[in-house]
Amino acid sequence: GVLAAAFAFSGHATAVNTDDHDMPYFGALGAAVFTDNVRAEDDGAGYQLIFGVPLSTPHYAVEMMFFDNNMKRTLDGANDYQSGLVIDVVRDFGSYGWGESLPVFKPFALVGLGALQDDVMADKHLHFGLDLGVGSLIELPWWGWAVRAEARLLSQSNDESVAGEDFLQD
């Protein structure tokens, strides 16, 4: 599904990094999942675990994200599941602020490839996936911590989870 409106506190920065903290970082995010219109499922919830490493090129990082989602089937009310591992390249667009009274924020974009497992009606299948996303890192005043908000589109080459569909755009 689309991993949208994911918010969390993250240790030692996320996105690329908070200013003055160029080091590996991690994050744990909750996610609201909005499914596409070809799946027979309602929206759901999930989580993401992210580990990132800044690159030597300014404003870029590589992130590894594990995610796990569940969505309620409209057919019988039971849950379907989706999990995966994605490697993203992240580009931040610098820090912005409105003076001393408001926090600094850092917008970013990301693109990645990964492997996804759909578990639909207790039938598991592994698929190739692509994700695109945008978001912002909002710096907190403590030790390089930040809040991250993002929206992702997760697409997959999948001809097994939905009859007659070969590529799902969640």
Side-chain angles (χ1 to χ4, degrees), residues 1-36 39 41-72 79-118 129-156 168-170:
V2 172
L3 308 180
F7 299 95
F9 288 102
S10 308
H12 281 294
T14 53
V16 172
N17 273 65
T18 53
D19 291 339
D20 301 323
H21 290 89
D22 290 329
M23 62 183 67
Y25 55 90
F26 64 91
L29 293 79
V33 180
F34 303 99
T35 60
D36 62 8
R39 293 180 186 262
E41 298 169 334
D42 289 331
D43 298 334
Y47 68 90
Q48 303 173 19
L49 300 175
I50 296 172
F51 176 74
V53 177
L55 299 175
S56 58
T57 305
H59 301 286
Y60 284 89
V62 172
E63 293 181 349
M64 179 172 55
M65 176 192 62
F66 170 79
F67 68 91
D68 190 44
N69 302 320
N70 69 66
M71 295 82 64
K72 186 173 284 194
N79 284 337
D80 285 335
Y81 304 94
Q82 185 181 66
S83 59
L85 188 62
V86 178
I87 304 296
D88 290 310
V89 174
V90 184
R91 164 67 158 101
D92 81 49
F93 299 101
S95 295
Y96 298 89
W98 295 287
E100 307 243 349
S101 60
L102 295 173
V104 172
F105 69 97
K106 186 180 280 192
F108 64 89
L110 57 87
V111 62
L113 300 172
L116 295 79
Q117 178 179 291
D118 266 353
L130 167 72
D131 76 336
L132 302 169
V134 295
S136 184
L137 181 72
I138 303 160
E139 295 185 17
L140 299 174
W142 314 292
W143 310 292
W145 284 66
V147 173
R148 178 173 173 154
E150 67 180 39
R152 290 180 187 241
L153 172 66
L154 182 61
S155 300
Q156 58 180 293
L168 301 178
Q169 297 266 351
D170 296 340

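What you see is a predicted model, and the numbers here were worked out from it, not measured in a lab.
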What closest approach, in Å, do Phe108 and Ser136 show between heavy atoms, and which atom pair accounts for it? CE2-N, 3.3 Å

Find the distance between NE2 (His59) and CG (Asp92) and round it off to the nearest 0.5 Å. 5.5 Å

Heavy-atom closest pair (Pro54 atom, Ala61 atom, distance to 0.1 Å) is CA-CB, 3.9 Å

Applying side-chain contact (heavy atoms from CB on, under 4.5 Å) to Val62 and not counting sequence neighbours gives Leu55, Ile87

Between Glu63 and Tyr25, does any side-chain donor sit less than 3.5 Å from a side-chain acceptor? yes

What distance separates Ile138 CD1 from Phe105 CZ, expressed to the nearest 0.5 Å? 8.5 Å

Taking C-beta and beyond as the side chain, do Leu130 and Val86 meet within less than 4.5 Å on heavy atoms? no

Heavy-atom nearest pair, Asp68 first then Ser83, reads OD1-CB, 3.4 Å

So Arg148 and Ile50, side-chain contact (heavy atoms from CB on, under 4.5 Å) or not? Walk me through it. CA-CA 11 Å; Arg148 178 173 173 154; Ile50 296 172; 3.9 Å; yes

Non-hydrogen atoms of Phe67 and Leu154 that approach each other most closely: CZ-CD2, 3.6 Å

Here the gap from Asn70 atom CG to Asp80 atom CG, rounded to the nearest 0.5 Å, amounts to 9.5 Å

Assess the residue pair Phe51 and Phe26 against the criterion (ring-ring contact (aromatic ring centres under 6.0 Å, His included)); give the C-alpha distance rounded to whole Å, side-chain angles, the decisive distance to 0.1 Å, and a yes or no. CA-CA 4 Å; Phe51 176 74; Phe26 64 91; 8.4 Å; no

Correct closest heavy-atom pair for Ser95 and Lys106 would be OG-CE, 3.3 Å

Contact summary for Pro103 and Glu139, nearest pair of heavy atoms: CB-O, 3.7 Å

Would you compute the distance between atom CD of Glu150 and atom CG of Leu137 and round it to the nearest 0.5 angstrom? 10.5 Å

Counting distance only, does the side-chain N/O of Asp131 pair as donor-acceptor with the main-chain N or O of Gly112 below 3.5 Å? yes

List in chain and number order the residues that pass side-chain hydrogen bond (donor to acceptor under 3.5 Å, both in side chains) with Asp88, two or more places apart in sequence or in another chain; answer none if no residue qualifies. Arg152

With sequence neighbours excluded, residues passing side-chain contact (heavy atoms from CB on, under 4.5 Å) with Val89: Tyr60

